Structures are given as structure tokens and as C-alpha cells.
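Some notes on the structure that comes next.
From a predicted model like this one, the values you see are computed outputs, not experimental measurements.
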Amino acid sequence: MYKTHTYITESGTQALEIALKTLKSKNVINNADTIIIPHMFGIQTPVLPFYNKGLNIIEDLSQCHGLPELGKYANIVVSSTNKSKWLDNGSGGYIFLDQELNLPKASFNWSIKTKYNNRKNKAQELLNAGLDLIGKNKPNSWLRGMYFTNNPKRKPYTPLHEIYGKFDCPIVDSYSNKIDWISIFD
């Protein structure tokens, strides 16, 4: 799918750990920088600029599948399949790479195109009903079903500066407790 070999893992975190160990075993990390690029909330992050700088790339698709060129410039692609992820398998993850590993092989049995179209149709129903989804003008980002409200029932994420407290981020703070989301799954 994204690379020559596909392996199933117990979690997305384990997929990332294996990716880092694999790069380290090739003496890549000690001789060059490696970057993990996530596509948060379905918003596609430009990967080509990092590829052009000669960086080793681990691309995290846990919240984004179906867009053009995903995985094209990455050395390794990982995806978590836990609850609320783009591909919801309840638990586990996948690692895609062009190298043989001593792991159980997995077939990637998801039809990304079908899942993407199903989610897109469901999101369009919400837009047609008048819900103002965040990112509705950006490809794929509105599929996360996020919207502004003065009475959120759940928090979509905890910003890093709240966890570590080492820096301020007034723009992110201005959205705190003002965002909620509807899970759009098929």
C-alpha cells in the first residue's frame, strides 16, 4: 500500500518505536536527523520540504488517510488504529516500509478510497445540515468533525505546553474549551 512490506503492531506507539529502532540499526539516526511528521486532525502536512533537506522521515498517518502523496517521501510510514483514529480497529497499528523485518506480516485490508468516500459523504450531510465544521475549506481536515462551541463535551487534545509547561502559546489557549467534535466513521 504505502511501502513494500506491511506489519501489524500492538499500538501506534509500538510502530513508532520499531521505526526508530529500524533507522538506528541502519546507523541513520547517528549520522543524520530523523523527523516524525504527523498529519494532525486530518490536515495534511507538507513532507516534501523535509525530504529535500535530506532528513529521514517517519510519516504518521493515524489521523489522515486518502490524500495524494501520503507516504511518498517517507522512509517509514506508521498508523495507529485505536479508537477515534482514521482507521478504527479498536487497537493496534501498522508499520509500512520497504525493508524486511522479523515481525508478523500483515495484509492491509482497508479500502482507503471506500472509507474516505464514506466519511466524506457523512461529513457532507453534517455540512448540509448547517454545522460549521472547522477546516471545511481544506481537503480532508473537516473529516475530523471538529466545530466551535461555547459548551464542549470533550477535549480533542491536550496541548504540549499544558503538559510540559515550558512555554506559552496564546493562540492555542484562545481555543481552549471552545472546540468539540463529532466522530465521523463508517
Side-chain angles (χ1 to χ4, degrees), residues 1-123 135 138-146 156-157 160 183-186:
M1 158 123 237
Y2 295 109
K3 296 291 178 186
T4 307
H5 305 287
T6 301
Y7 302 95
I8 193 160
T9 60
E10 291 179 19
S11 67
T13 302
Q14 185 188 37
L16 279 173
E17 288 170 356
I18 292 168
L20 287 168
K21 285 180 185 175
T22 301
L23 290 175
K24 190 169 186 167
S25 71
K26 294 167 54 177
N27 289 326
V28 170
I29 290 177
N30 295 330
N31 298 327
D33 290 335
T34 299
I35 187 168
I36 300 171
I37 300 176
H39 302 285
M40 299 296 296
F41 305 113
I43 300 168
Q44 190 172 15
T45 304
V47 178
L48 185 59
F50 299 99
Y51 178 81
N52 288 337
K53 293 189 183 306
L55 295 169
N56 296 292
I57 298 170
I58 300 171
E59 194 170 351
D60 183 348
L61 306 185
S62 298
Q63 295 184 14
C64 186
H65 286 274
L67 294 179
E69 299 191 343
L70 290 175
K72 180 176 180 178
Y73 302 107
N75 301 84
I76 296 177
V77 177
V78 296
S79 184
S80 170
T81 54
N82 287 321
K83 285 282 185 202
S84 84
K85 298 295 185 180
W86 213 95
L87 299 174
D88 181 5
N89 200 28
S91 66
Y94 286 94
I95 181 168
F96 308 90
L97 66 161
D98 293 327
Q99 175 183 341
E100 289 276 350
L101 295 179
N102 189 20
L103 291 172
K105 287 252 182 163
S107 59
F108 192 75
N109 56 355
W110 303 87
S111 169
I112 297 297
K113 184 175 183 179
T114 299
K115 288 185 96 41
Y116 178 75
N117 287 335
N118 288 346
R119 288 184 75 186
K120 198 161 80 168
N121 290 338
K122 289 177 181 179
K138 295 183 179 180
N140 207 37
S141 63
W142 48 270
L143 289 175
R144 202 62 185 146
M146 297 174 71
Y157 67 95
L160 289 177
S183 298
I184 303 173
F185 299 113
D186 56 52

Next on the checklist: Quick check against the 3.5 Å criterion: does Thr45 have a side-chain atom that pairs as donor or acceptor with the backbone of Pro38?
Outcome noted: yes

How many angstroms lie between atom [atom1] of [X] and atom [atom2] of [Y], to the nearest 0.5 angstrom?
X	Y	atom1	atom2	value
Ile37	Leu61	CD1	CG	10.5 Å
Ile35	Glu59	CD1	CD	11.0 Å
Ile58	Ile36	CD1	CD1	4.5 Å

Next on the checklist: Could you work out, with side chain to side chain contact (heavy atoms under 4.5 Å, CB included) as the rule, every residue matching Tyr51, not counting sequence neighbours?
Outcome noted: Leu48, Ile57, Tyr73

Checklist entry - Excluding sequence neighbours, so at least two apart, what forms side chain to side chain contact (heavy atoms under 4.5 Å, CB included) with Leu101? => result Tyr7, Ile18, Thr22, Leu97, Gln99, Leu103

